[in-house]
Amino acid sequence: MYSDKVREYFKNPINMGIMKNADVVGKIENEVCSDVIKIYIKVNSNNIIEDIKFEAKGCPPVIASCCELTRLVKCMKIEEALKINEKIIIENLEGLPKEKEHCAELVVKTLKKAILNIKKNL
Ligand code: FES
């Protein structure tokens, strides 16, 4: 059902955990499936994402999408990170079942919410 990449990330997630000294946090809960995603970001004075972590209560595609997204945007400028969309995540995960594509979308939305909080704090 899931690609090797999704299964690998689900078994050995990267960038997972709480970040105590985060500059901002973005949180989204899906009311339909009640999955919850939290993304913590530490940003430096050049607007580069210095560190990023996530916590997620959800299905394997949510965990895998969080892993891939955080891997991609670490060390990116926030403006560049905003260009990452669910299509890129799904492609990098070697595909997701159609009915699970919204999971990647939800993860991208959570990142955008966190970045919006950075902008509010600037
Ligand atoms: Fe809930 Fe994927 S099943 S976000």
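Every value quoted in this text rests on a predicted model; they were computed, and no experiment measured them. One-based numbering, in listed order, for ligands and for the atoms of each.
For ligand 1, the atoms lying closer than 4.0 Å to a non-hydrogen atom of V62 are 2 (Fe), 4 (S). With ligand atoms numbered from 1 in the order given, ligand 1 contributes 3 (S) to contacts under 4.0 Å with heavy atoms of K100. Using a 4.0 Å cut-off to heavy atoms of C59, the atoms of ligand 1 that qualify are 2 (Fe), 3 (S).
In this structure, N47 and E79 have side chains that are not in contact, with every pair of non-hydrogen atoms separated by 4.5 Å or more. You'll find the side chain of M16 reaches within 4.5 Å of the side chain of F54, heavy atoms only. Looking only at side-chain heavy atoms (C-beta outward), V36 and K27 come within less than 4.5 Å of each other. Here the side chains of E105 and S65 are not in contact, with every heavy-atom distance at 4.5 Å or above.
In this structure, P61 has no heavy atom closer than 4.0 Å to ligand 1.
In terms of protein heavy-atom proximity, atom 1 (Fe) of ligand 1 is closest to C33 SG, 2.1 Å. Of all protein heavy atoms, the one lying nearest to atom 4 (S) of ligand 1 is D35 OD2, 3.2 Å. Ranking the protein heavy atoms by distance from atom 2 (Fe) of ligand 1 puts C103 SG, 2.2 Å first.
Looking at K83 and E80, a side-chain N of the basic residue comes within less than 4.0 Å of a carboxylate O on the acidic one, giving a salt bridge.
When each of I84, N92, N15, T110 is tested with L69 by the rule side chain to side chain contact (heavy atoms under 4.5 Å, CB included), just one qualifies, namely I84.
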